[in-house]
Structure formats: structure tokens, C-alpha cells
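Written below as C-alpha cells is the structure these notes are about.
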Number of protein chains: 2
Amino acid sequence: MPRTPEENERIKKDKKERILKAGLTVFAENGLAAAKMSDIAQAAGVSYGLVYTYFSSKEQIFVELLNDLFASSNELVAQLKNMKISPLERIKVIFTQLFTMHNNDPTGELYYRLMLQLTFHPHLWDKLLIKDVYSEPVFQLIFETIKQGQQSGEIIDINPQEIVLLLGYIALGFNLRGHEIFENDLNEKNIVDLIIRMIKK
Amino acid sequence: MPRTPEENERIKKDKKERILKAGLTVFAENGLAAAKMSDIAQAAGVSYGLVYTYFSSKEQIFVELLNDLFASSNELVAQLKNMKISPLERIKVIFTQLFTMHNNDPTGELYYRLMLQLTFHPHLWDKLLIKDVYSEPVFQLIFETIKQGQQSGEIIDINPQEIVLLLGYIALGFNLRGHEIFENDLNEKNIVDLIIRMIKK
DNA sequence: GTCTATAAAGGGATAGAC
DNA sequence: GTCTATCCCTTTATAGAC
């Protein structure tokens with residue numbers, strides 16, 4: 001019995017998603033260069049050749065993944081913007097979410113590990129929807145929020161670029177090594193409080 | 001006219017150093033997996049084959065480099081320990097040095113970029129003198145200094161592991177993206193002050 | 001001690017059967 | 001739509017001349 005076109009679409013979509021998901025973990029674990037297409041195929045549970053019916057190259061999987069992740073980062077930012085809270089509170093929510101998400105959902109960490117690859121393969125920026133790290137949605141949101149907090153007098157009055165860079169370092173460092181918080185049974189709430197302490201007026 | 005044995009030793013040492021230096025930049029720029037031995041040879045100004053007379057494999061260059069860097073990190077820490085200053089001052093000096101060194105000497109950044117590769121090739125830890133990132137000398141020094149500062153009442157009284165992790169994130173993030181401070185003409189002194197503000201009692 | 005040339009292996013990408 | 005088998009290029013590592 002032949003498959004309906006709709007069924008075919010569903011199958012194709014499912015396979016593509018599987019491959020992307022496999023790519024995310026394989027790239028995050030090994031890095032772009034060391035990741036093997038055979039690993040991705042295996043992790044996705046499909047044959048080696050099938051990967052190439054959905055993606056033309058290893059790079060393309062990587063690029064598509066990162067663009068998808070930028071998109072969901074945009075959604076996250078939209079949610080955060082909808083919250084009617086003070087700038088300082090918003091910073092607190094962002095970092096709390098960053099830290100607690102880590103526990104439940106490893107995607108955030110994988111996301112950063114992928115972005116980190118761009119440090120070693122900068123030519124890929126050309127193929128991405130977002131052209132530099134400053135344009136990353138969460139990064140942008142933090143920057144705006146800092147400026148708002150300075151206007152409202154909640155946040156310390158130094159060059160907001162300096163603050164956002166420092167917060168960016170924390171986010172970057174955390175996302176790369178955040179699992180250690182939980183391995184060592186530390187309280188992420190304390191760490192967020194330290195951050196707030198640093199920028200509160 | 002034949003070379004003396006001493007001269008030979010000098011040549012060999014020089015060549016080895018050249019290759020290591022080339023390896024540092026090539027690995028830092030491209031990552032371990034994407035770095036090519038031919039790139040290292042070219043950067044070192046020697047023939048492809050010669051690299052293998054001094055090192056048995058690409059991995060070995062990488063391992064030797066990292067071990068050398070750990071050693072100089074140890075020296076740096078010894079110097080910092082010799083300074084007779086308060087714990088809080090010491091933290092300030094460490095981060096100031098971290099930030100200003102960046103300007104003059106890129107080795108620090110390259111060092112971190114190499115260490116970062118271990119995230120993607122964790123099996124290499126087995127071949128290193130230092131067995132995990134917590135044992136990295138500067139990291140250790142910060143940890144000790146935080147505890148001293150808590151005893152002397154200068155530094156905020158929360159789990160020192162939490163503080164040191166956060167400071168570690170900053171150092172990691174900075175070393176990966178620190179060049180941006182200078183690209184954007186920011187004042188690194190302000191950033192150090194923020195860090196102190198965060199941990200000062 | 002240094003080079004060029006070559007062997008050997010690994011992995012990305014494709015062809016073609018089912 | 002999916003698979004297996006194969007091509008082919010890149011890169012590691014070695015051999016052997018100078």
C-alpha cells in the first residue's frame with residue numbers, strides 16, 4: 001500500500017529533525033571538525049547515506065542547527081520581554097533561568113558549545129542569520145535591560161557595554177562549565193545573588 | 001666544517017621551540033582537530049617532515065604545549081603568592097593582570113583557547129600533568145585567596161566554591177572574548193571594580 | 001639535521017540498487 | 001525514502017635521499 005503525500009512529508013520532517021538533534025549532541029560533544037557524519041547518522045538512527053538526502057554537507061547541518069537555535073533564542077527573549085518586571089528583576093530572571101534550565105534541559109549548554117565553535121570557524125558567520133555574537137538575542141536583551149535599569153536608577157552607572165560584556169563572560173563561562181555547579185552540589189541562587197550584588201546601585 | 005655537539009643541541013632546542021610556538025597559534029586559531037600539521041610546519045618555517053623528528057604526533061605537540069603552559073602558570077602563581085597584600089587586593093591584582101596582560105601578550109588568551117579544546121577532547125587529560133581544570137594553578141590560587149579573605153572578613157561569606165566558580169566563568173569568558181574590551185575601547189579597570197564590588201563584604 | 005616524495009588511513013560525499 | 005558500496009580527496013605519518 002503506497003504512502004500518502006502527507007505521510008511522506010511527516011516522515012521526511014521527522015527524519016530531518018532526528019538528524020538535527022543528533023547533530024546537536026555530536027557537534028557539541030566533539031566540535032565541528034572532529035564530528036563525523038557517521039557519528040551523526042548513528043546517533044540519529046539512520047544510515048550514513050540518508051544524511052545526505054536531507055543535508056548537502058556537514059557544515060550545512062551545523063548552520064541550520066545554529067539558525068534554529070537563534071530562532072528559539074528569539075522566542076525566549078520575546079517571553080522575557082513580556083514580563084512586567086523591573087530591569088534588575090529581569091536580569092535576575094534571565095540568569096536564574098539560564099542556571100535552572102541547565103538542570104532540566106541541556107539544550108542551552110549545547111547551544112553555547114555550538115556557538116563556541118564559531119570562534120574556531122569564523123567563516124561560518126557568513127552563512128548564519130545572525131552576523132555576530134552581539135546580535136544574539138539574549139545578549140541584546142541584557143544590553144537593553146542594563147540601560148533601562150540605569151535610567152530608572154536601579155543599576156550602577158558605568159558604561160553599559162562594560163557591564164554587558166562582564167555578564168556575557170559569566171553567561172559564556174557558565175554555559176561551558178555550568179554542569180559543575182550541579183556536580184558540586186552548589187546553590188545557583190547564591191550565584192545569581194552575587195551577580196545582582198555586582199550591578200545593583 | 002662539522003658542527004659541535006653543543007651547537008647541535010642549540011639548533012635542536014631552537015627548532016623544537018619554533019614548532020611549539022607555531023603549534024600554539026595554530027591550535028588556538030583552528031582548534032585541535034582542524035589544525036593541520038602542514039600549517040604548523042609552515043608557521044614554524046620548517047619542512048613538513050621535520051615536525052615529526054621532534055614530535056611523534058599532532059596530539060603530542062598539543063600535550064607538550066599545555067604542560068608547558070601549566071608550568072608557566074605555576075610560576076605566575078608563585079609570584080602572586082610572594083606579594084604581601086590582602087586577599088581582596090590579590091584578587092584585584094589577579095584580574096587586573098589577566099586583563100592587562102591581554103594587551104601586551106596574547107599568550108594568556110591562547111592558553112585558554114587551548115584549554116578549551118580539552119572540553120572537546122577530554123581523553124587528553126590523561127596525558128597532562130594537571131588532571132582537571134580545578135587543579136589549574138591560578139584557579140587554585142583564587143580558591144585559596146577567597147577562603148583567606150573570608151577568614152579575614154574582607155570577602156562575602158558564601159560557599160567559596162560558588163564564588164570561585166563565578167570568578168572562573170569570568171576568567172574563562174574574558175579569555176575567550178577579551179579582545180572585545182579593547183576593540184570597543186572599554187575600560188578594563190571598571191570591570192575589575194565590578195568584580196571586587198561583587199565579592200567585597 | 002633537514003628535506004621531498006610516498007605510503008596508509010580516514011572520512012566526506014556520491015552512485016546506484018531496492 | 002532508505003540503504004550499501006565505493007569514490008576520492010585530504011591529511012597523518014613514514015621512508016629515504018642529501
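Lettering follows sequence order; numbering is per chain, from 1.
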Worksheet item: Has B/Lys15 got a side-chain N or O lying under 4.0 Å from the OP1 or OP2 atom of C/dT2?
Response: yes

Worksheet item: Thinking salt bridges, do B/Arg197 and B/Asp193 make one under a 4.0 Å N-O criterion?
Response: no

Discussion item. Check the orientation of B/Phe70 and B/Trp125. Use parallel for under 30°, tilted for 30 to 60°, and perpendicular for over 60°.
Written reply: parallel

Worksheet entry | Length of the CZ-P vector between B/Arg18 and C/dG1, whole Å | 16 Å

Compile the donor-acceptor pairs under 3.5 Å between side chains in residues 45-53 of chain A and protein atoms, sequence neighbours left out, one pair per line.
| from | atom 1 | to | atom 2 | distance (Å) |
| --- | --- | --- | --- | --- |
| A/Ser47 | OG | A/Leu50 | N | 3.4 |
| A/Thr53 | OG1 | A/Leu50 | O | 2.6 |

Item to complete: Please list every stem that involves DNA chain C, where a stem is a run of 3 or more consecutive Watson-Crick or G-U wobble pairs with both pairing distances under 3.5 Å.
Response: C:1-18 with D:1-18

Fill in: Whole angstrom value for the distance that separates P of D/dT2 from NZ of A/Lys13
15 Å

Item to complete: Look only at the side chain of A/Gln148 and the backbone of A/Leu88, and say whether a donor-acceptor pair between them is shorter than 3.5 Å.
Response: no

Worksheet item: Just checking B/Phe55: base, sugar-phosphate only, or nothing, at a heavy-atom cut-off of under 4.0 Å?
Response: nothing

Item to complete: Using a 4.0 Å heavy-atom cut-off, write out nucleotides 6-12 of chain C from 5' to 3' as B (base contacted by protein), S (sugar-phosphate only) or - (no contact).
Response: -----SB

Worksheet item: Salt bridge between B/Asp14 and B/Arg10, side-chain N to carboxylate O under 4.0 Å?
Response: no

Worksheet item: Are A/Phe95 and A/Ile170 close enough that some pair of their side-chain heavy atoms sits under 4.5 Å apart?
Response: yes

Worksheet item: Counting heavy atoms not belonging to B/Lys81, are there more than 12 under 6.0 Å from its NZ?
Response: no

Item to complete: Inspect the surroundings of CD in A/Glu109 and state if more than 12 heavy atoms from other residues, nucleotides or ligands are less than 6.0 Å away.
Response: yes

Item to complete: Can you figure out which of C/dT4, D/dG1, D/dC3 approaches the side chain of A/Val46 most closely?
Response: D/dC3

Worksheet item: Side chains of B/Leu124 and B/Leu66: closer than 4.5 Å at any heavy-atom pair?
Response: no

Discussion item. Distance check needed: D/dC3 C1' versus A/Leu50 CG, whole Å only.
Written reply: 8 Å

Fill in: Protein-nucleotide distance (B/Ile19, atom CD1; C/dG1, atom P), rounded to Å
12 Å

Worksheet item: Roughly, in whole Å, what's the span from CD1 in A/Ile40 to C1' in C/dA13?
Response: 13 Å

